[in-house]
Amino acid sequence: MIEINFAKIEKKWQGKWEKEKIFCTQGVPSASGKVNDNSKKEKYYILEMFPYPSASGLHMGHALNYSIGDVMARFKRMNGFEVLYPMGFDALGLPAENAAIKAGEHPKPFTEKAIKNYIRQMKELGLSYDWTKTLATMYPEYYRWNQYFFLKFLEAGLIYRKKASVNWCPSCNTIISNEQAQGGICERCDSKIEIRQLEGWYLKTTKYADELLNGLDKLDWPEKIKAMQKNWIGRSEGTEIDFEVNGVKWPIFTTRPDTIFGVTFMVVSAQHEKLMSIVTDEQKKEVEEFLKNVGSVSEKEMAELEKKGVLTGSYAINPVNGERIPIYAGNFVVADYGSGMVMAVPAHDHRDRDFVRKYNEIKIIEVIKPSKKGFNLELPKNKSFDEGYEEFVNNFVNGKVDGAYTGPGTLINSGQFNGLDNTKAKEKITVWLKKQGKARKVVNYKLRDWGFSRQRYWGTPIPIIRCEGCGLVPVPEKDLPVVLPEKVKFGKGNPLETNEGWINVKCPKCGGAGKRETETMDTFFDSSWYFLRYPDNKNEKKPFDIKKIKKWLPVDQYIGGAEHACMHLIYARFFTKVLRDLKFLDFDEPFKVLFNQGMLHGSDGEKMSKSKGNIINPDEISKKYGMDSARYFLLSLAAPDKPRDWSDKGIQGSLRFIKKIFSISENIKFGKSSEDFISKLSSTTRDVTEFYGNFQYRKATIKLKELFDFLAEQKEVSKEDFGISLKLLSPICPHIAEELWEKLGNNDFISLSKWPKVEKSEKKKEKGVDLNSKIIEDIKYVLEKVGTGKVVYLYVMPFELGKIDTGKIGKAIGKEVKVFAVNDSKKFDPEGKAKRAKPGKVGIYLG
RNA sequence: GAGGGAAUGCCGGAGUGGUCAAACGGGCUAGGUUUAGGACCUAGUGGUUUUUACCUUCGGGGGUUCGAAUCCUCCUUCCCUCACCA
């Protein structure tokens, strides 16, 4: 049995690739002085979402992700494209800061070590990145442009400050993320979280909500991701109705203006900034007590909470009938959606009804009589629909049903609108109120403005100086970058506040004493434009040169996980649109095509994670089986967009396959290929080319397997054809393909060789000739069994109709022959013999 | 609650109107080879059997069609994402 020294082969080729700079775009000289001439090629920009460099290094899941992109990059390169395939690191961020502190190190060297390790591992995976184009967000050379864009956005009025609710830990004296504040308890010190209103920096993402939504239609993205973004942006059309609260107008957003006569109470969000202003003195104590127990600001937490509320003591006036409606403060209303207060209709909304069950002093008014059509509740099973329906409606309008009806119906108890269909009533009531100036049609979005400031150290400093006289003063462009100071103390609060020397600066406006903003940017700011930086990653004058952007952008193929559907992918689209409006770019969508890879699970079928101990380390796998076996195995497991389980046994099969290829190359006689092999090779080339092109790698591995199995049976094969077979294999198994390519006597790189030509369809040999003689045989058989008839009726597949030669058949059997297509409605077929017909076999009736 | 996806042998999964169900891999069984193990090679792996054949089967029910794993419809189960957005 062959023993292959994978480590040696892999090292050899990885070294050669790097030395000769063969994966670099135009203009990068290699060790031997050669420069790739790509000047006449079409560009192809392929990109994987850049990783956050974790100290534990890459695991097999990363290997899968990057192999998916690498295969495409290699395939495109061989197909004559100038490929830009870069890799960088999302180096800043909370996880790195926390991990470093835990390890007792400063985040900078800590992250640098991790990056170094990532790069080593990526090279060992055989990934064909252009390392001359790399970047890491932790260096001022990169993040100064975050600051630059911040200033530009600020100038354009897209950045502002506002107060928002945050989780505050009184003992740690800092803001806590939702993840760390589960159950309203601080993860670090177990003290109770308070909700505080704090000011922060916001980007007006909502300004682009409509465009972000509409732009989705143009994108070649998985439908799933588009749907997720659509939900996230969450456009909903409704009516804004003014209720009077303490003599002040308070607009309320609703999608159900048709139920306005059924409003029996209002609920204002417990997190609403104006809440205390409407709380009466008698209720103050109770509300304060209530607020203490609301828990965290996490919406997930909110969703799990029991609906609770407390009276504020204030009343709202219903504009349609002047009724006084009590206002509650509730834990289930979202503060920054609509106006933070909702009108509650317990008869026709589940949430409102749930609330009422606990506070039974609230009355319920039914204002919609359910209609039969579209009735959306379950009726008793032992009754007919009509009976059950009658009974339900009777009970419902009389207030005897404990539940909300949310389906369609006609209005009752609604003044002059009684008897109207409720969908029509929405419009009519809105118009009626609009005439009185009390309502208007509005569009609301779930998408919020993006709060991007963090009270953390390991991020881009926000370039602002606070001056007592001048207020918030932007750092002038010429003073950028504001470099993150290295000397800080980690522990309580924001580390940046511990470096006095850094904080105290002169105000750029008045020259007086100023202090630096100590908040840093969310790392999603970094990742919102990094794809624009790769093509011009060393530019010290500008974030990027427009000529290079014009050549390379937008990204032709973006690859990454579905977990980024709502955050990163929306922010990146938002940035692109803003930069377009600020005349930095002339396109408005960054990623034309998006591919979501599936997740790699451990052999236990669970998500790979340290705590489960099911992480597969590529270093070990490479040692045992060779990187190419691993790549082949990962890609052969399932379609790339489906999840798959790692299996130690499974990879053995791939190793066997690789060994087989080696043994073929050693044992086969080079000479002339057989006809069969030439035909097999050409059909494989056709299929594999198609499969690589649309990410159906799994199918490509199957075809390759068939090809080499077939090759193993051949007595001899031409060197050229063996070379072609290797080319087809090379995107998945680049190292061994290079090795065997060289053994074949080539002295160039298979990675840069031309992709084999696809022969146009050599369809299977025509069967038409055989069909007629087969029919004759069948007819003779039937004649013998059944007896005689004057006319022979044949029923054939529609697509075979043209192949039937009635003259020839008639002559052979000496009878009249009539042919019908099996789907011919006018055919003569008294015994249903058409059913007997199959492709290649006719139905026969003797009449 | 909303949206998306899925259900095929022992397992992972091909097949998305006919000529073709179960490719390809794993596992298992038998045989060969081997000092042994591993590796490798061959055959088998829904049922019947007269084995170049016939039947059964693609989560369940109904439908469209000459013909359905494939299209439509209802149901069941599972996975993912978002989730009290008024």
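Quick note on labels: first sequence line is chain A, next is B, and so on, each numbered from 1.
- Nearest to the side chain of A:T254, among B:A23, B:A86, B:G25, sits B:A86.
- Rounded to an integer number of Å, the gap from A:M567 CE to B:C82 C1' is 12 Å.
- At whole-Å resolution of the value, CD1 in A:I702 and P in B:A14 are 8 Å apart.
- To the nearest angstrom, C1' of B:C24 lies 12 Å from CZ of A:F691.
- If you take CZ of A:F633 and P of B:C24, they are 18 Å apart, rounded to a whole angstrom.
- Toward the 5' end of RNA chain B, the nearer of the two residues A:G340 and A:N231, judged by each one's closest nucleotide, is A:N231.
- Side-chain proximity of A:A227 to B:A86, B:C41, B:G3: nearest is B:G3.
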Residues A:I252, A:M266; criterion side chain to side chain contact (heavy atoms under 4.5 Å, CB included); working and verdict: CA-CA 10 Å; A:I252 301 293; A:M266 312 289 285; 3.7 Å; yes
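- Side-chain atoms of A:M228 lie closest to B:U81 of the nucleotides B:C84, B:C41, B:U81.
- Shown here, B:C78 forms a base pair with B:G5; the pair counts as Watson-Crick or G-U wobble because both key distances fall under 3.5 Å.
- At whole-Å resolution of the value, CD1 in A:I658 and P in B:G25 are 14 Å apart.
- Taking side-chain N and O atoms only, A:K699 has a distance below 4.0 Å to OP1 or OP2 of B:G15.
- If you take atom P in B:C28 and the same atom in B:A39, they sit 10 Å apart, rounded to whole Å.
- By the rule that a glycosidic angle within 90° of 0 means syn, B:G5 does not qualify and counts as anti.
- By the 30° and 60° cut-offs, the orientation of the rings of A:F6 relative to A:F662 is perpendicular.
- Residue contacts for A:K705: at a heavy-atom cut-off of 4.0 Å it reaches the sugar-phosphate backbone alone, with no base atom in range.
- If you check B:U73 for Watson-Crick or wobble pairing at under 3.5 angstrom, you find it paired to B:G61.
- B:C24: Watson-Crick or G-U partner is B:G12, with both key distances under 3.5 Å.
- Straight-line distance between the P atoms of B:G61 and B:C54: roughly 26 Å, to the nearest whole Å.
- Nucleotides B:U56 and B:U48 place their P atoms 15 Å apart, quoted to the nearest Å.
- Side chain of A:N422 to main chain of A:G409: a donor-acceptor pair is present (N/O by atom type, distance under 3.5 Å, no hydrogens or angles).
- In this structure, of B:A23, B:A86, B:G3, it is B:A23 that holds the atom nearest to the side chain of A:E706.
- Comparing the P positions of B:G4 and B:U73 gives an interatomic distance of 13 Å, to the nearest angstrom.
- Looking only at atom types and distance, the side chain of A:Y445 has no donor-acceptor partner in the side chain of A:T205 under 3.5 Å away.
- Of the candidate nucleotides B:A23, B:A86, B:G25, B:A86 has the atom nearest to the side chain of A:S236.
- Comparing A:Y632 and A:K308 by the nucleotide of RNA chain B whose heavy atom lies nearest to each, the residue mapping closer to the 5' end is A:Y632.
- When only modelled atom types and interatomic distance are considered, A:N444 and A:S236 share no side-chain donor-acceptor pair under 3.5 Å.
- Rounded to whole Å, the separation between the C1' atoms of B:U33 and B:C24 comes to 26 Å.
- With distances taken from any side-chain atom of A:V334 to the nucleotides B:A86, B:C24, B:C41, the minimum falls on B:A86.
- In this entry B:A43 has B:U29 as its Watson-Crick or G-U wobble partner, both defining distances falling under 3.5 Å.
- If you check the side chains of A:T430 and A:T239, you find a donor sitting under 3.5 Å from an acceptor.
- A cation-pi arrangement is absent between A:K204 and A:W450 under the rule of less than 6.0 angstrom and at most 45 degrees off the ring axis.
- Comparing B:G46 with B:A21, their C1' atoms sit 12 Å apart, to the nearest whole Å.
- As rounded to whole Å, 24 Å separates atom P of B:C82 from atom CZ of A:R235.
- When distances run from any side-chain atom of A:R698 to the nucleotides B:G12, B:C41, B:C84, the shortest one goes to B:G12.
- The gap from the C1' atom of B:G25 to that of B:G15 amounts to 16 Å, rounded to the nearest Å.
- Nucleotide B:G3 holds its C1' atom 9 Å from the NZ atom of A:K446, rounded to whole Å.
- B:G27 and B:C11: their C1' atoms are spaced 7 Å apart (whole Å).
- A:F332 has its CZ atom 9 Å from the C1' atom of B:A86, to the nearest Å.
- Base pairing of B:U52 is not made with any nucleotide, judged by Watson-Crick or G-U wobble geometry with both donor-acceptor distances under 3.5 Å.
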